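Pasting in a structure now, in structure tokens, and then I'll have a few things to ask.
A quick note: this is a predicted structure, and the numbers were derived from the prediction, not measured. Start at 1 and go down the list; that is how both ligands and their atoms are numbered.
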Amino acid sequence: MLVTMKELVDEAYEGGYAVPAPNVDNEHNLRAAIEAAEELNSPVIIGHICGYNPDIQYFGRIATDLARRAKVKVAINLDHGGSFEDCMAGIQAGFTSIMIDRSQASFEDNIREVAELAKAAHALGITVEAELGHVGVGQNYAVDGKQMLTNPEEALQFVQETNVDCLAVAVGTAHGVYQGEPHIRFELLEELTEKIPVPLVLHGGSGSGDENLRRCAKLGICKVNLSNDLRKAAIESLVEQDLNGDGAYEMYNYLAAGFKSKLKHYIELLGSKDKCGETNE
Ligand SMILES: [Zn+2]
């Protein structure tokens with residue numbers, strides 16, 4: 001069932017769990033993500049980074065079609081949507097949510113550009129996620145992990161003035177592989193959860209540590225973005241197979257198996273298992 005991301009994060013907010021947002025870019029990992037969610041009766045937010053598939057309209061057609069046929073609730077989010085035009089192309093392609101990242105712009109420009117997108121997207125029933133503070137990259141964690149954490153006062157003003165449906169916060173996670181140990185600021189997260197009236201989102205879930213992520217889901221994070229860990233699990237599952245003889249024909253199945261099993265691990269960890277109403281047989 002194709003739904004908006006707002007519906008899923010609002011339900012998670014009420015229920016005290018987080019919905020996993022696997023990042024996918026083609027039919028194979030898209031199918032693997034939806035199958036994993038169906039097998040555990042979990043809602044799922046399909047994340048697709050702008051530009052990872054060369055044809056967003058085609059990707060949108062596959063994603064919306066598979067989502068409509070899914071037994072569980074599926075939202076399709078354009079992750080780190082670039083320009084206003086990119087975001088509009090995502091809406092045209094059928095995405096039910098747009099994440100607009102202006103976290104490196106000034107506070108004022110971030111508010112102005114996000115508010116503009118939110119007005120247009122909301123008129124079409126599309127969810128909007130934005131980022132305040134800046135979630136950097138794991139390879140530069142010594143610097144990015146400390147700088148530009150989300151300020152709670154600013155975050156409240158940002159949400160009120162932009163009218164976003166959910167907010168990605170910087171509390172010590174980073175995109176990609178960490179160089180060093182992730183240090184999550186749980187006190188900051190608690191303060192943000194208390195102050196901010198919309199569900200919070202965590203980017204850079206991969207490599208952050210199971211206990212850390214479980215705690216974040218309990219402390220108000222309603223969506224966790226996952227990419228690197230799922231891709232690595234897919235590759236590991238492929239390389240451990242015997243690819244001699246006819247083994248290569250199974251390439252996509254091996255990749256999907258690793259991707260699915262890692263995503264199922266995160267579904268259980270974040271507490272979204274069986275959160276889609278009636279359980280499947
Ligand atoms: Zn991100």
Self-check item: Lys/Arg-Asp/Glu bridge criterion (N-O < 4.0 Å) met for K260, E35
Solution: yes
Practice problem: Return each pair, listed once, that meets side-chain hydrogen bond (donor to acceptor under 3.5 Å, both in side chains) where at least one residue sits in residues 49-68; pairs must be two or more places apart or across chains. | Solution: D65-R69
Exercise. Take V169 and I221, measure what side chain to side chain contact (heavy atoms under 4.5 Å, CB included) needs, and give me the verdict at the end.
Key: CA-CA 9 Å; V169 290; I221 290 292; 4.2 Å; yes
Quiz item: What protein atoms of element N, O or S are positioned under 2.8 Å from the Zn ion (ligand 1)?
Solution: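 Correct list: H80 NE2, H175 NE2, H203 ND1.
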Quiz item: Any donor-acceptor pair under 3.5 Å linking the side chain of T96 with the backbone of I76?
Solution: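 Side chain of T96 to backbone of I76, a donor-acceptor pair under 3.5 Å: yes, one is there.
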Quiz item: Is it true that E27 and R31 make a salt bridge, defined as a side-chain N closer than 4.0 Å to a carboxylate O?
Solution: yes
Practice problem: For the pair E38 (side chain) and K71 (backbone), establish whether a donor and an acceptor sit closer than 3.5 Å, ignoring hydrogens and angles. | Solution: yes
